[in-house]
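Before any comments, here is the structure.
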Protein chains: 2
Amino acid sequence: MDKPLSTEEIRPDGQGFLPGLAIDCVIFGFHDNQLKILLLEYRHTDLFALPGGFIRSGENLNDAAKRTLNDRTSLRDIYLDQFYVFGDMSRYDPNPLRTILLKRGLDPVNDHWLLQRFVTVGFYALVDFTKAIPIPDLLSDNCQWHDLATLPPLMLDHNLIVAKALDTLRADLDRKLIVFNLLPETFTMNDLQSLYETILGQPLHRSSFQRKMLGLGILERLKKQYSGGAHKAPYLYRFVHNAPKTQDSLL
Amino acid sequence: MDKPLSTEEIRPDGQGFLPGLAIDCVIFGFHDNQLKILLLEYRHTDLFALPGGFIRSGENLNDAAKRTLNDRTSLRDIYLDQFYVFGDMSRYDPNPLRTILLKRGLDPVNDHWLLQRFVTVGFYALVDFTKAIPIPDLLSDNCQWHDLATLPPLMLDHNLIVAKALDTLRADLDRKLIVFNLLPETFTMNDLQSLYETILGQPLHRSSFQRKMLGLGILERLKKQYSGGAHKAPYLYRFVHNAPKTQDSLL
DNA sequence: CTATATTGTAGCACTTTGCGACAATAATAA
DNA sequence: TTATTATTGTCGCAAAGTGCTACAATATAG
C-alpha cells in the first residue's frame, strides 16, 4: 500500500502524485474451492500489505487503480470496482512507512510525504489465482496469494479493508457479473456453483442453483464434457453478454 | 462544492485542509410525494452546486462530510452515506472556482489551491424538506430545495453526481433503512408507501406493499389515527429497531 | 341516515425457492 | 459384456413470495 513502483520515484516531496490520497486493491483469487487474497511483503520488514499506490497528477482515479495494481503485482486487464473510502484519523500511523523507507536506505525526513496522513480508496477484483501470476515489485520481497482464513496481521487498517471488501463482494455477487471474469471460457454448472459456495462461504442446493442460473438467461449450453469421472458427463456452458444490464438513471 | 465556510478561511495555500480532496453531499428531500435536492447558488455567479467542502487536517472523512454539510447549509444530525468517488480528469475545470473567487474579491492566483484538481467523495442522505430548513453560508446567495425533475445545470460534474446518488438511493432502499430517518415518529402505511413510490418513481400495489413491510418485522402497529378524511381511519405505525441488522464479516 | 372515500384483509393465480427423487450416463470393476 | 458407482439433468412437489382483485369495515360529509 501507499507506495509508488520504484525507488527512484520516491521523492520526499511526492511530486507528480496527488498528495494524501492513496489506493488499495483487494484482489480475491479463486480456484478449486479456495478463496485467497493477494498480499505484498515489504522488503526486510515483515510488513504485509495490500497492493496499492498513488494517483498521478494527470491520471483518472480508476485508471490509477489499474496501473497501481500492475505496478505492484504486474497483473493486467483486471476489472476493479470501488467499494469504500477509508478516511478515519485512527488509520494514520507513520511508523510502518518509516520502517519501509529506512529499510530502503532512504531518509524518512519528518516532512516526507509518505509519512503524512493518507485517505485511501478501496478497490476490489476477483480473479483466478492459477492464471493471475503476480510478480513482486522492487519494494517487495514477495507478492503471494494468502488463504483468506489465515491472513497474517496486515499493515495499518488493511485487515479492516479486506473485511469490508469481502462484505461487498458477497453482496454484489448476484447483481454484478463479477464471477464470470474468472471462470474459463467454458465451464460446468458445478464449477459455477462451487465458485458461489466458496465466495459465500456456505453450501447451496444444486437443483435450485441451476434453475436460478439458467433463469438469468446469460448462459449458453454447449456440448457435453466427456472427461474423467465415473459418472454422467455434464454440459458445458458459456457466458453470453446479451443485454446491457446497466440501467442508467432517469436524469 | 469545494469551498470552506467563510471567506477568512480561504487562504491561497489551503492550509489546514487535505489538498486535492473534496466532499460533495447529495441531500434528497422528501415531502408530500415530492423529491427534491438541496443546492447552493454561489453569490453573484449563477453557479449552482451541491453543498460540499473539504476535510480538515485532523478530521475523519465521514465526520468532515457531516461538518461540511452543516457549514454550508446549517443542517445538523443528518445520516450521510458514501456512495462513490469521482476522480476523472474530465471533471477538472478551474474556471468555476476562479469565477467564485473573483466575485468574492479574492485574487485567483494561478497556484491557488482551489484551482487545483480535486477528487471528490460523494455522500448522500434523505431528509424531510419541510423539517430540514437550510440556511445559506456566506459564500452563497441561497440554499434551496430544487425539484429533481427540473434541476438547473450544475457546476462541474455535479449533475452526474446527482444521477449516481439517485441510482444508489433506489438500489439501497430495501437493504438499508434510510426511509425511516425522515418519517415522523408515527406514520401510516400510506405515508410509507408514498415515500417509496416517490423515490422509486413508480406506483406500487397497496396490498403487496403492506404485506412486505409488515413481513420485515420492523413495524409496530399502534392505535388508529382519527383525523380528517371521510373514510376509515388508518393505523399508525412506529419503526422499531430490534435486531442489529449489520451482519459483520467472518474475519 | 346515506353516500363516499379509504383502509384492512382475505382470496386467488402465478412465480420463486427449498428440497427430495429418479432416471440417464460415463467411467470403472467384475 | 455386464454390473457398479458417482454425478448429472430434470421433474415434482410444498412452502414462501408477489401481483392483483374484491369486499367488508369505518370515519366523515352531507
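Please read these numbers as outputs of a predicted model, since none were measured by experiment. Every chain is numbered from 1 and lettered A, B, ... according to where its sequence line falls, protein lines coming before strand lines.
When the side-chain nitrogen and oxygen atoms of Asn190(B) are compared with OP1 and OP2 of dT6(C), none of them lie within a distance under 4.0 Å.
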Just the table, please: protein N/O against nucleotides 23-26 of chain D N/O, every pair under 3.5 Å.
residue: dT26(D); atom: O2; partner: Lys232(B); partner atom: N; Å: 2.9

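Salt-bridge check for Arg175(A) with Asp172(A): passed, with a basic side-chain N closer than 4.0 Å to an acidic carboxylate O.
For Leu216(B) and dT18(D), the CG to C1' distance is 14 Å, given to the nearest whole Å. Rounded to whole Å, the distance from CE on Met213(B) to P on dG19(D) is 12 Å. The distance between atom CZ of Phe209(A) and atom P of dT10(D), rounded to the nearest whole Å, is 16 Å. When rounded to the nearest whole Å, the span between CG of Leu214(A) and P of dC11(D) equals 12 Å. One interatomic measurement links the two molecules: CG of Asp191(A) to P of dT7(D), which rounds to 14 Å at whole-angstrom precision. Regarding Gln210(B), its CD atom lies at a distance of 16 Å from the C1' atom of dG17(D), rounded to whole Å. The interatomic distance linking Gln193(A) (CD) with dT7(D) (C1') rounds to 12 Å, in whole Å. Arg221(A) places its CZ atom 13 Å from the P atom of dT8(D), with the value rounded to the nearest Å.
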- Item | Sequence-aligned protein contact record of nucleotides 11-18 of chain C, with B where the base is within under 4.0 Å of a protein heavy atom and S where only the sugar-phosphate is | B-----BB
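Across every non-hydrogen atom of Asn60(A) and Ser90(B), the tightest pair is OD1-N, 4.4 Å.
Within the model, atoms CD1 of Ile23(B) and CZ of Arg67(B) stand 7.0 Å from one another, a figure rounded to the nearest 0.5 Å. Distance check: Tyr237(B) OH to Leu183(B) CG gives 13.5 Å after rounding to the nearest 0.5 Å.
Between Phe180(A) and Phe187(A), the ring planes are tilted. Angles from 30° to 60° get that label.
Taking the six-membered ring wherever Trp is involved, the centroid distance between the rings of Phe86(A) and Tyr84(A) falls below 6.0 Å. When ring centroids are compared, Phe209(B) and Tyr196(B) come within the 6.0 Å threshold.
Listed by chain and residue number, nothing satisfies the salt bridge (charged side-chain N to carboxylate O under 4.0 Å, His left out) test with Asp32(A) (two or more places apart in sequence, or in another chain).
With Arg72(B) contributing its side chain and Cys143(B) its backbone, the two residues share no donor-acceptor pair below 3.5 Å.
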